Structures are given as structure tokens and as C-alpha cells.
Student: 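Pasting in a structure now, in C-alpha cells, and then I'll have a few things to ask.
Computed from a prediction, not measured in an experiment: that's the story for all the values here. Each chain gets a letter, A, B and so on, in the order the sequences are listed, and its residues count up from 1.
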There are 4 protein chains.
Amino acid sequence: MIHIDLRSREPIYEQLVNNIKELIFSGILQPDEKLPSVRELASQLTINPNTIQKAYKELENLGYIYSARGRGNFVMPVDDKSGVKNSVELLKKITELVKEANYVGISKEFIKQIIEDVYRKKIDKGGIE
Amino acid sequence: MIHIDLRSREPIYEQLVNNIKELIFSGILQPDEKLPSVRELASQLTINPNTIQKAYKELENLGYIYSARGRGNFVMPVDDKSGVKNSVELLKKITELVKEANYVGISKEFIKQIIEDVYRKKIDKGGIE
Amino acid sequence: MIHIDLRSREPIYEQLVNNIKELIFSGILQPDEKLPSVRELASQLTINPNTIQKAYKELENLGYIYSARGRGNFVMPVDDKSGVKNSVELLKKITELVKEANYVGISKEFIKQIIEDVYRKKIDKGGIE
Amino acid sequence: MIHIDLRSREPIYEQLVNNIKELIFSGILQPDEKLPSVRELASQLTINPNTIQKAYKELENLGYIYSARGRGNFVMPVDDKSGVKNSVELLKKITELVKEANYVGISKEFIKQIIEDVYRKKIDKGGIE
DNA sequence: GTGGTCTAGACCACT
DNA sequence: GTGGTCTAGACCACT
């Protein structure tokens, strides 16, 4: 379930990164599970392999996957990556967005409901393409 | 209280946009309040006026400020801007980040506390430079 | 003083990374000093700009430089980067090499002398190309 | 005591090479001692025999082991291998890393202590698997 | 002018 | 088969 919008202002490789992060966070891609090969994904999405490569490299730098030459790319198990620094960054971003939600008049109950839904995994998933 | 980090990977104009959005959401900049002029802010921050101009233009496109020819730039009052489309986008972003928080093991109580703090305006503010 | 050996088994971009790290560690490149632009270095070394870009990106990931679109790449000041994790890795590598030196019969006095020389900056430098 | 990390970015054959070098430098593998056979090690580590073969071949090229047709692979005695060229390379590498240590603020006393520990064999060993 | 993205296509390294 | 490196060349984004 990877969807790339070629017209988007967001770079293709970044869309890929976000799509795959989504699949990992949703549990659709399990720890140590193999991702599609660079060439395979490139031909499926009709995107240049270099772009896929770049996205995978970025996901590796971010600590979400690991790469092994001759074998493939795999989902990094959770314990190995959740650095404190990243969590702080994440909470900062959430705080910014909640401030904006407050400003535009979204009720706090609404946001709390989102949190409940996410933590109960009620929110829709999707299989890999 | 605008802080620009010249070392940041984030483009300067984008830092400006985010800084000013922050000031608006926090209520430090009030509806219809005048923003510093392009030249003034440029000289204060020792940044190219074109970059300030670009940030103001972006804020206008996003619906957070309006520009009055020959008079300056002003904060857009809330009712005039809070489009449904923007709110949907905002909630999507929050949902994504909450999923990630869940994935890395941050408790939902922790996030709910952030929401409480933001809505009670307990979170620190800052005045314009 | 960047020297690339096109025949080397070591990838070009990696040679670049090591060369530039050298320049930084030797103090030839000072904190916040601007590196040659991607295109400039590419034409000087007659190497594809993409390869220079890749090396700079890697140096950024490693925390040795920072990159700013439209402005250039700059040496990251020391305090911002020297993570504990990296130091541990570094000391591990040194330990491995010292074990090997011991094995092949290099005296410990010899190695200690190297350390003295490095810390007294007696070891030869070189200017950027 | 050979440990292979399938998740590591470092190629498996290279991990093998480094592991075995370690065992040799630590004296756990003695001169002229026989290494496990390719098949034996492959089945122990559940790794492709071709990969083991490649690692052994590499160790032979580096001068750390020798292969005797039909009998197996053996540790090369010290006097036969410690080429001047290798020592120079080794000292270069150590110098580079010590420069980095200096740059990131590690004290020279700290490094000297490592040297003392290694030469007194205080540093922990490990037996072959 | 400066960095960043992307394609097309070749070739190498590892399993 | 799989990831990684590199070139050539086009075009976009930011200052």
C-alpha cells in the first residue's frame, strides 16, 4: 500500500520514507521483515531505482530499517532504535501541532479521541502494495 | 522572539514561517496586529529582505496573515481562515505522529498530558524579538 | 589537499569523506568555515557532482558538517557533535588496531610516541587543494 | 567465539575476517593451529559455505592464515607475515584515529591507558565458538 | 551561485 | 538476486 504522487511538492524519496514509516508503525511491516528489493519496488512504482535506494538509505539513517548487501533491506526491531533524542523531537512536533489545533478551534476531546483510537489500533491499516 | 539558526538544515524562510506561526498560535501576535516590516525584520535578523518577503508570502498563502499594500502585514483573524481542509490536514499529521509515538513506546497518558498543558496554555510562550 | 585515487578499491565518496575529516581534525578547516561548493570541488577533482554531494551528505550524517541550501556546506563546531556513542566506537577501533600492532611486534613506546606527536600537533598538515 | 550479526551493515565475510583476526591477535588461535573447516564453520554459524570460503581466502591474502590443500587452513606464524608495508598502513590508521580522538576531546592519557592494557593483555579475550 | 532531486544506464560487491 | 557506486545531464529550491 505505497502510494506516490508524482505531482506532489514533496520529493518522491520522502514520500517513500513516510509511506514505509507508516507501514512499520502500523505493524504491517514486522521487525526483521524483508522490504521489497530496490529493483522490485522501482519497477512496481515505475520509479528510478536510485530514488528507491535513496529512500531506503534515509530510512536506515533514521534507524527504521537496516540494509545488508546481497540480502536486502529489513525492518529494524524497536529496541535497537528508539533513541531518547528522537522521542524528544517527536514530542516537540506533536506539541507544535496541538498548539495549532487549539488555535484553529479543534476541541481537545477530539484530539484525545484520536490518541485513544491510535493506541487501540482502531485506525485503518493497509497492506504493502 | 524570533530565533533563526543559520546552521539548521531547515531553510531560513521556513524557520521564519514556523516561528511566526508559533507566535500567532500562542496569542503573542493578536488578530489584526501588525507584523514587523520586511526591512525592519531583515535588518534585525541580518537576513536578506527577499527571504523575509518569501516567508511573509508563504504565511499569506497559508492563510495566517494578510498583506495590505503600503501598510504592512497583519495577523489574519481566526474565523476568516480556519478552513476545513487545513484542519483535516492538521489532524492527519497529528495522527501520524501519535502512531509513531505509540510505536516507540511513549505512553498515551504522556501525550494526553501534553494536550492538557497546551489547552491550558501552561506551555511556555515567548515575545516577538 | 584532497587527494582521490580513482583506482583505489575504496569508493570515491568515502575517500572524500576521509580526506575532509582529516582536514577538520587537523584544524585546517575551522568550525563554521565554508567547504568548497559541490560544483566547484567536482570540477577541481573532475568528479561527478553527485559523488561530491554524496560525500557531503555522509559527512553531515556523521555530524562533521552541516549543509544549508543556497548557502553551502560548513564545518560543524565541535561541541555540537561529539556524541558519547561515537567516542565509544572510536575507542573500540583504536583498541582493535593497537591489539594488531602488539601482535605484529610494534613496541608500545612507538605508539605512545605517535600519540604525543598528534596531541602536540607535530604531525604534518596540508592545505585544502 | 565467533559472533556474526546478520543485521550489521558490515558484510558477513568481513565480520568473519575481523573476528578471526581478533582471535589470532589475542593468541587464542596459536601459530600453525588449524582453523575450523569451511563446512564445519558454515554449519555452526548457519551461513553459506561460499561466504566462509571468501573470508578464509581474504585472510590468506592478508597473510594471516595459510591454506594447505586437503588438510585445511592454519594460522600463519608471526615472523613469516609481518611485512613492513602492513605495519606502515597500520600505524597510519592508528594515527588517523588518534587525531580524531584528539579532535573530539578524548584525553591522551585515556588512550595511553588503552595501550598499556592491550600490551599487558588485560583486555578481555574470548575462545573460538 | 548553492544545495537537492531525479532519471537513465552501466558496472561492481556480496550472498 | 540483492544492495552500492558512479557518471552524465536535466531541472528545481533557496539565498
Student: With a non-hydrogen cut-off below 4.0 angstrom, is C:N73 in contact with a base, only sugar-phosphate, or nothing?
Tutor: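 Sugar-phosphate: the residue C:N73, judged by heavy atoms under 4.0 Å, touches backbone atoms but no base.
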Student: Quick one: the dot-bracket string of DNA chain F, using Watson-Crick and G-U wobble pairs with both distances under 3.5 Å, [ ] for crossing pairs and | for bases paired to another strand.
Tutor: ||||||||||||||.
Student: By nearest heavy atom, map C:N50 and A:V38 onto DNA chain F; which one lands nearer the 5' end?
Tutor: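 Its nearest nucleotide lies further toward 5', so the answer is A:V38.
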Student: If you round to the nearest 0.5 Å, how far is CD of C:E58 from CG of C:N18?
Tutor: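 Going from CG on C:N18 over to CD on C:E58, the span is 9.5 Å.
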Student: Does the side chain of C:Q53 pick up a donor-acceptor pair with the side chain of C:N48 at under 3.5 Å?
Tutor: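 No, because no side-chain N or O of C:Q53 sits under 3.5 Å from a partner of the opposite role on C:N48.
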Student: B:I47 near the nucleic acid: base, sugar-phosphate alone, or nothing, with a heavy-atom cut-off under 4.0 Å?
Tutor: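 Contact class for B:I47: none.
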Student: Which residue in the set A:Y13, A:Y64, A:Y66 passes side chain to side chain contact (heavy atoms under 4.5 Å, CB included) when paired with A:L59?
Tutor: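 Option passing the side chain to side chain contact (heavy atoms under 4.5 Å, CB included) with A:L59: A:Y64.
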Student: Can you find a side chain N or O atom of B:K54 that sits less than 4.0 Å from OP1 or OP2 on F:dC14?
Tutor: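 For F:dC14, OP1 or OP2 has a side-chain N or O of B:K54 closer than 4.0 Å.
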Student: What nucleic acid atoms does C:Q53 come within less than 4.0 Å of, heavy atoms only: base, sugar-phosphate, or nothing?
Tutor: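 Base, at least one base heavy atom under 4.0 Å.
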Student: Does the F:dG3 base have a donor-acceptor partner in the side chain of A:R39 within less than 3.5 Å?
Tutor: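 Yes, the side chain and the base share a sub-3.5 Å donor-acceptor pair.
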Student: Rounded to the nearest 0.5 Å, what separates atom CZ in D:F25 from atom CD in C:E96?
Tutor: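 Here the rounded value is 9.0 Å.
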Student: How is C:R9 classified with respect to the nucleic acid when contacts are heavy atoms under 4.0 Å: base, sugar-phosphate, or nothing?
Tutor: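 Since no nucleic acid heavy atom lies under 4.0 Å of C:R9, the category is nothing.
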Student: Where each residue is assigned the nucleotide of DNA chain F containing its nearest heavy atom, which of B:T51 and C:E10 is assigned the position nearer the 5′ end?
Tutor: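 Upstream on the strand: C:E10.
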Student: Would you say A:E33's side chain and A:Q30's backbone share a donor-acceptor pair under 3.5 angstrom?
Tutor: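 Pair found, side chain donor or acceptor close to backbone of A:Q30.
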Student: May I ask you to check whether A:E60 and A:N73 show a side-chain donor-acceptor distance below 3.5 Å?
Tutor: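 Per modelled atom types, A:E60 and A:N73 side chains form no pair under 3.5 Å.
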Student: Under 4.0 Å between a side-chain N or O of A:S67 and OP1 or OP2 of F:dG3?
Tutor: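 The answer is no; no side-chain N or O of A:S67 sits under 4.0 Å from OP1 or OP2.
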Student: Contact class for D:I12 vs. all strands (heavy atom < 4.0 Å): base, sugar-phosphate, or nothing?
Tutor: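 The answer is sugar-phosphate, as D:I12 gets under 4.0 Å only of primed atoms, P, OP1 or OP2.
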